Amino acid sequence: MPDDVAFIGLGVMGYPMAGHLAAAGHRVTVFNRTTSVAQRWVAEYAGELADTPARAAAGAEIVFICVGADDDVRAVVYGDDGALSTMSDMSILVDHTTASADLARELAGACARQRVGFIDAPVSGGEAGAQNGVLTVMCGGAAEHFERARPVIDAYARAVTLIGAAGSGQLTKMVNQICISGLVQALSEGLEFGRRAGLDLDAVLETISQGAAGSWQMSNRGTTMIADEFEFGFAVDWMRKDLGIVMAEAQRNGAPLPVTALVDQFYKRVQELGGGRWDTSSLIALLRPPQER
């Protein structure tokens with residue numbers, strides 16, 4: 001059945017995600033800090049525009065958030081203009097922001113005090129996944145809230161999984177980013193090795209992608225890495241934000257992350273080259289001779 005929902009944050013991910021909700025028949029009210037973006041969304045999808053998160057959330061059965069970082073989430077949730085101030089009993093707050101597990105637990109507690117459900121639900125799949133409605137969503141929270149929200153989330157996801165209690169979704173996203181960072185560095189080194197060895201890299205990719213070395217990164221980024229095309233996808237700036245969260249959590253739980261820490265510094269070097277908005281596959285640029293970058 002269609003739901004009355006709110007979507008707060010219409011960035012490169014949130015804009016198409018909210019669009020999929022509208023296309024699925026849900027009644028969507030949006031809020032975005034840059035009002036012109038929200039106006040463009042409403043013109044495209046015929047939803048409603050609110051001038052504060054509180055007004056967007058009023059009457060919504062599920063409120064979705066997809067903003068930048070922990071403090072951005074707090075800014076749209078708390079206070080007189082925050083979404084939580086107008087959310088009704090038994091409504092659900094779903095946070096798609098990649099943020100800290102501590103924030104997820106904090107929000108779960110704040111929501112529980114108002115009898116509001118909470119799901120931390122970071123996503124993987126990048127801008128293309130959001131546009132095509134095939135995101136992977138990793139969730140933390142109570143099963144009853146998850147089961148209520150999952151059919152709505154399905155509008156822009158191909159996989160929605162409850163991992164555990166509040167914070168589990170964010171911790172799973174950290175695992176995701178740890179794995180991606182190591183994969184991209186290894187793929188970069190392999191492709192640059194092959195280039196210097198004089199191999200036909202297209203043939204190499206076609207061959208090894210069918211074997212044990214195959215991965216999403218290889219299938220979706222290998223050819224663009226060969227062509228030095230990085231002006232798309234998940235930005236280095238965002239990955240460094242995420243890896244900062246990862247490293248802070250690792251300090252708390254004692255997990256050794258030597259490769260992740262090293263790759264984080266490689267991404268810092270990409271930023272210093274002016275590649276902060278390049279796709280994360282741009283790690284390969286560091287391996288090229290300076291005159292070829």
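Any value given below was found using the heavy atoms of this structure, including those in side chains, with hydrogens, waters and symmetry copies removed. Model, not experiment: these values are computed from the prediction. If you read the sequence from its start, that first residue is 1, and numbering goes on from there.
Note that CG of D202 and OG1 of T207 are 10.5 Å apart. Values are rounded to the nearest 0.5 Å. With rounding to the nearest 0.5 Å, the separation of CD in Q185 from CG in L183 is 11.0 Å. How far CH2 of W238 is from OG1 of T98: 11.0 Å, rounded to the nearest 0.5 Å. To the nearest 0.5 Å, atom CE of residue M247 and atom CD1 of residue I178 are 8.5 Å apart. Rounding to the nearest 0.5 Å gives a distance of 11.0 Å between CD1 of I226 and CD of E192. Here CG of D102 is found 8.5 Å from CG of D70. Values are rounded to the nearest 0.5 Å.
Within a 6.0 Å sphere centred on CD of Q131, heavy atoms belonging to other residues, nucleotides or ligands number more than 12.
Nearest heavy atoms, V160 versus D154: CG2-OD1, 3.5 Å. Of all non-hydrogen atoms in R105 and A166, the two that sit nearest each other are CG-O, 3.8 Å. The minimum heavy-atom distance linking S282 with V236 is given by the pair OG-CG2, 3.5 Å. Summarising the geometry of I119 relative to C139, their closest heavy-atom pair is CG2-CB, 3.8 Å, with the distance given to 0.1 Å. The minimum heavy-atom distance linking A83 with A57 is given by the pair O-CB, 3.6 Å. For the pair T97 and P122, the tightest heavy-atom approach, listed with the atom from each and the gap, is O-CB, 4.1 Å.
Note on L273 and M239: same hydrophobic cluster, where clusters join Ile, Leu, Val, Met, Phe, Trp and Tyr whose side-chain heavy atoms are under 4.5 Å apart, directly or indirectly. F234 and V184 fall within a single hydrophobic cluster, where Ile, Leu, Val, Met, Phe, Trp and Tyr side chains are chained together by heavy-atom contacts under 4.5 Å. Hydrophobic clustering (side-chain heavy atoms under 4.5 Å, transitive across Ile, Leu, Val, Met, Phe, Trp, Tyr) groups F266 together with V270. Hydrophobic clustering (side-chain heavy atoms under 4.5 Å, transitive across Ile, Leu, Val, Met, Phe, Trp, Tyr) keeps W216 apart from V123. No chain of hydrophobic side-chain contacts below 4.5 Å, direct or via other Ile, Leu, Val, Met, Phe, Trp or Tyr residues, connects F193 to L286.
At least one side-chain heavy atom of F7 sits under 4.5 Å from a side-chain heavy atom of M17. V137 places a side-chain heavy atom less than 4.5 Å from the side chain of H96. Proximity of I284 to F230: side-chain heavy atoms (C-beta onward) are separated by under 4.5 Å at one or more points. Contact annotation: the side chain of Y45 never approaches that of V30 to less than 4.5 Å [non-hydrogen atoms, C-beta and beyond]. Counting heavy atoms from C-beta outward, P289 and R196 have side chains that approach closer than 4.5 Å. The side-chain heavy atoms of D120 and K173, taken from C-beta on, include no pair separated by under 4.5 Å. Taking the side chain as every heavy atom from C-beta outward, R148 and E61 approach each other to under 4.5 Å. Using a 4.5 Å cut-off on side-chain heavy atoms (C-beta onward), D81 and S85 make no contact.
Residues E44 and R40 are not paired through a salt bridge, judged by the lack of any N-O separation under 4.0 Å between the basic side chain and the carboxylate. Using a 4.0 Å cut-off between charged nitrogen and carboxylate oxygen, R269 and E272 do not count as a salt-bridge pair.
Formation of a donor-acceptor pair under 3.5 Å by the H20 side chain with backbone atoms of A157 is not found in this model.
Taking a 4.5 Å side-chain heavy-atom cut-off between Ile, Leu, Val, Met, Phe, Trp and Tyr, the cluster of F31 extends to I8, V63, I65, V67, V73, V76, V77, Y78, L84, M87, L93, L103, L107, V116, F118.
Under the 3.5 Å distance criterion, with hydrogens and angles disregarded, a donor-acceptor pair is assigned to the side chains of D242 and Q177.
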